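Each remark here refers to the structure printed beneath this line.
Small disclaimer: the values here were computed from a predicted structure and weren't measured. Scope of the values below: all heavy atoms of this structure, side chains included, with no hydrogens, waters or symmetry mates.
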Amino acid sequence: MSGRKNAGKASPCLLLLISVGCFFATYNFLTMVGHGRSRDAGPRKMLGGGGVGGGGSDPSKRFHVALTATDALYSQWQSRVMYYWYREMRDRPGSDMGGFTRILHSGKPDGLMDEIPTLVVDPLPEGADRGYIVLNRPWAFVQWLKKSNIKEDYVLMAEPDHIFVRPLPNLAHGDEPAAFPFFYIKPTENEKILRKFFPEENGPVSKIDPIGNSPVIIKKAQLEKIAPTWMNISLKMKEDVETDKAFGWVLEMYAYAVASALHGVHYSLRKDFMIQPPWDAKSDNTFIIHYTYGCDYTLKGELTYGKIGEWRFDKRSYLRSPPPRNLTLPPPGVPESVATLVKMVNEATANIPGWDEER
């Protein structure tokens, strides 16, 4: 317990006390505001979130799919594709998928409220994310866990750029949640920094799993304990110049891994949880395609990563408008995973009503 209280110490101590005090004041205020709004008859409501779903034989293993997102068009079109494939896979044999919630941390409803089951939550106070919008994710989960009333005992934390390629079973084993191991999350190589948030009395830094918060299947009861710690450590890491510089865009992933270790939660590491084209060539032994990287190729099927290819698929090409229907398929020689990704995007956009309409 003393380790958790000391997690994230920075110097000078006076600044830490001021920072933590201000943060908890903000947290308590926003929590009260959130509770007040949840009682209003206004637009902040859960549209669904119960969902029958689940083709698995054991209802106790079903998990709720929780997707964090913003109201930016870039996030919206990815969320629509993701939700399409959730619905396609949910009731197939082998699935333990239950209900679905898009946790919208933009603070107000958007044009997808009637299409995707959504709960609107507040973003962090203005300026608190310091331009790193992902810091809103742990705060979004803290709010959702307080407001939601899901019937599933487990939660899958997912992202808009995830596509289900197979029905997903519950990969967790009781109190041992399941997570994807990221090669770039290296706790033992960053011990000096991590000791600011994971003191020596908590044990070796090897207790910190090489994971982020997504994809993760975990008991809701465990996540309810981890989420506030995850949020606090994320903010403290962002405030610490050395940590912010070292971890960059994966900072909140490290924060989630540290928070889990502080609560004594360790994960079953599942490499088959997802693949990330173009680096993973095959999709036949995975459950999720994560299309975070751009896929650039010559017309001969040669990878030109770091250089715009003659053929390409990169989600960042569609920041201000969704990808058109019927994207051109990759040339011969391109890995099967890339071709499958584009085919699945095409199938989704062909079947989602009003795909080209502004939301």
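Classified by interplanar angle (parallel below 30°, tilted 30° to 60°, perpendicular above 60°), the ring pair Phe100/Tyr86 is tilted. Taking the six-membered ring where the residue is Trp, Trp279 and Tyr305 present perpendicular rings, their angle passing 60° and hence far from 30°.
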Thr349 vs Arg325, side-chain hydrogen bond (donor to acceptor under 3.5 Å, both in side chains): CA-CA, chis, key distance, verdict: CA-CA 6 Å; Thr349 61; Arg325 285 174 164 153; 5.0 Å; no
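The side-chain heavy atoms of Tyr254 and Lys186, taken from C-beta on, include a pair separated by under 4.5 Å. Contact annotation: the side chain of Asp129 never approaches that of Trp139 to less than 4.5 Å [non-hydrogen atoms, C-beta and beyond]. Side-chain contact between Phe313 and Tyr318 is present, with heavy atoms from C-beta onward closer than 4.5 Å.
Checked against Phe247 for a side chain to side chain contact (heavy atoms under 4.5 Å, CB included), the options Asp240, Leu194, Ile185 give a single hit: Leu194. Of the candidates Thr298, Thr304, Asp296, Thr298 is the only one forming a side chain to side chain contact (heavy atoms under 4.5 Å, CB included) with Glu310.
One N or O on the side chain of Glu336 and one on the backbone of Ser283 form a donor-acceptor pair closer than 3.5 Å. Using modelled atom types, one side-chain atom of Ser214 and one backbone atom of Met157 make a donor-acceptor pair closer than 3.5 Å. With hydrogens and angles ignored, the 3.5 Å screen pairs no side-chain donor or acceptor of Ser337 with any backbone N or O of Pro335. No donor-acceptor pair under 3.5 Å is formed between the side chain of Trp77 and the backbone N or O of Trp355. A donor-acceptor pair under 3.5 Å is formed between the side chain of Asn170 and the backbone N or O of Lys61.
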Under 3.5 Å donor-acceptor pairs involving side-chain atoms of residues 158-169, not counting sequence neighbours:
residue : atom : partner : partner atom : Å
Asp161  : OD1  : His290  : NE2          : 3.3
Asp161  : OD2  : His290  : NE2          : 3.2
Asp161  : OD2  : Lys315  : NZ           : 2.6
His162  : ND1  : Glu159  : N            : 3.3
Arg166  : NH1  : Thr286  : O            : 3.2

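With sequence neighbours excluded, the residues forming a salt bridge (Lys or Arg N to Asp or Glu O under 4.0 Å) with Lys219 are Asp175, listed by chain and number. Ala348 pairs by the side chain to side chain contact (heavy atoms under 4.5 Å, CB included) definition with Val81, Tyr84, Trp85, Ile352, not counting sequence neighbours.
Side-chain N/O atoms of His64 and Thr101 include a donor and acceptor closer than 3.5 Å.
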